[in-house]
Amino acid sequence: MNVFRIIRRPLVTEKGTHQSGQSHEATKSMPARGGAYAFQVDPAATKPQIRLAVEKIYGVKVLSVRTCNRKGKERRVKYKTGKTPDWKKAVVVLRAECHIDLF
Amino acid sequence: MTESGSHIGQDDTYVDEELSKSEHEKIMEKLKESITVEKKEIGSLRIKMTVTVPRETIDERMGEQYAELKRDATVPGFRKGHAPIQLVEKRFATDVGSQLKRELISSGYLAAVEKEEINALGDPLFWVPVNEDQEGEDKQTKSVATEKLLPIDMALESLEFPAEGALTFACEIELKPEFELPKLDKIAVNRVKLAVADSDVDAEMKRMRMMRGTFNPVENGKVELDDMLYVDFKMIVDGNIVESAENFDVAARDMNIKGVQLDGFGKVVEGKKLGDTVTVEGVVPDDHVKIDIREKKAKFELTINEIKRLEVPPFDKSFLESIGFESEAELKDLVRSRMDSELSGRSRSLMHEQVGDYLLENTKVDVPEGLSQRQVERSLSRRRVQLLQSGMPEAEIDKSMDEMRVAAQDQVIRDLKLFFILEKIAEDRDITVPEDRINGAIAQMAIRSNKRFDRIRDELSKGDGMTMLYLQIRDEMILDLLIEDADISDVDNDKESPKKKAASKAKAKTKDKAPAKEKPAAKAAAKKTATSTAKKKTPEKKTPAKKAVKKKKKTS
């Protein structure tokens, strides 16, 4: 799968920014940990695919990848109900020396 | 609750205004310290100023703006005020940039003017790089980069805010002339004694009666001058009927029918009866709406259907009551007092004129060229509109434009010089117009035009009206003050004309140079004399009416 299809977009949110700023010193439980960056990824993408894609796109070294499937929200327009699509979120932890400039 | 809430709101805005005011002052102080200004004279009373705002000042202001924006910025994915500054900078870069550009250029200009103590006149014009389409040798349009002088609003759109380095802009400013005022006390002024004569009052009363007169049909009489005629007419050019109308109303005097001037029409129809047919000839002017009949002879055949004559109401109790008076003496008093105030106003304006002339003759003032040019153009376009409205053909106006320009130039320069002199006197003597005096003038205007006070005030504040009114009252106040200190000598009415001539020397000069300007004035004068002759002739008309009234009385 194309790397750019695996990583759909970085999630620039308050939580994501906070996590990306967490340095290796701040999280002593995981000594080799760099910042953690959240992305919306293709729901069919696997962790190894995501790791490869992030490494290729941003030129960084990935320590670990955590994923979760998010259910889409129910939406209603008058009497018609619908649903936003399900999506997959990936939190990619980088090595201490790596950094992604999202802004 | 709501009351206290609204109070809080008001207080807040007040505090905000105060804050922003002091903030503006701070920015100005900073700019004054940091900017560098280059001045270059480029003509009389005109300078080119190049202002450079250093990068540090720009960055500092930018940082302040972003910090302020960060507090209120709403960015999706973040709570209000929690978005990282880099993100805010990226998101609002264009908005902040254009706002900062506006602020730095306008405040930078003001700071430069204050720093260099420049006595600027009016708004500056900014040099702006523009791409203009020009036709090249191969007849293809190419965009060529040039520089143009533009007013600040347009310049701000075109000027670019530098991403790096200092901000530099150049502008051209006109300077207020610097001059010495002449001696302002004991100015020799002639006061003309103008008195209202009884004959003037009578004439005015006659005019009032004529205004209340009615046109009544004349059954078995002959046409007299100034009668109103209803005619069937045919306009014949080269044997063809070009225009015709039934029951067309014309007056028995020099007339313009369907664009053709018929001088002596009154004499031709005078003495004719109902049903009579009259033939008159005239020449179609070269600007007539119908092109094919221009400059040709036109024959008018008119058949008189009806004759109407102005009947002036008799000067009796019912007439007096109809205009709201009880006795003749009361009306006379009012007319006299009105004419008295008019005359005293005229004598005052004559004295003002003399003081103005003294100031102009004894002060050496240079007027900025650009400003006078703009004023000339403005006054010319105003005059053009006036002439168009008065029905003068456009071709004729264009012909006399050059002459009008010369006349306007003299007048504008005179007005501008007087404006600068009076402004300096106002500054020296610290003369300001009190609010109640402006309100009084507005109230008078409201009474005269029969409108509400606030309506007139709103109309005035829409344009430059309020400033103009302020300046007009201020000038009058200054001239009155100068007249108080003046050396006044009384002159009889008979001697008025030579003195007046001396006083309005400048006016006469402009008139000499300005035959074009004189033309409409002459026309107006001609019209006035025409109407006055018409008025003079009215007593003849009145006699039959009076006779009729007498007859009625006799019969009754």
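Just so it is clear, the structure is predicted and the values come from calculations on it, not from any experiment. The chains referred to below are lettered A, B, ... by the order of the sequence lines, with proteins before strands, and numbering in each begins at 1.
Looking at residues two or more places apart in sequence or on another chain, you find a side chain to side chain contact (heavy atoms under 4.5 Å, CB included) between B:Glu116 and B:Val37, B:Lys39, B:Ile118. Looking at residues two or more places apart in sequence or on another chain, you find a side chain to side chain contact (heavy atoms under 4.5 Å, CB included) between B:Thr168 and B:Thr50, B:Thr52. In terms of the side chain to side chain contact (heavy atoms under 4.5 Å, CB included) criterion, residue partners of A:Ala53 (sequence neighbours excluded) are, by chain and number, A:Val3, A:Ile6, A:Ile7.
The neighbour count for B:Met28 CE, taken as heavy atoms of other residues, nucleotides or ligands under 6.0 Å away, is above 12. By the 6.0 Å contact criterion, CG on B:Asp123 is open, its count of non-hydrogen atoms from other residues, nucleotides or ligands being 12 or less. Heavy-atom contacts from other residues, nucleotides or ligands closer than 6.0 Å to CZ of B:Arg102 number 12 or fewer.
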Under 3.5 Å, which donor-acceptor pairs link chain B and chain A? Put them in a table for me, please.
unit_1, atom_1, unit_2, atom_2, d
B:Gly77, O, A:Glu14, N, 2.8
B:Arg79, N, A:Glu14, OE1, 2.7
B:Arg79, NE, A:Glu14, OE1, 3.2
B:Arg79, NE, A:Glu14, OE2, 3.0
B:Arg79, NH2, A:Glu14, OE2, 2.5
B:His82, ND1, A:Glu14, OE2, 3.4

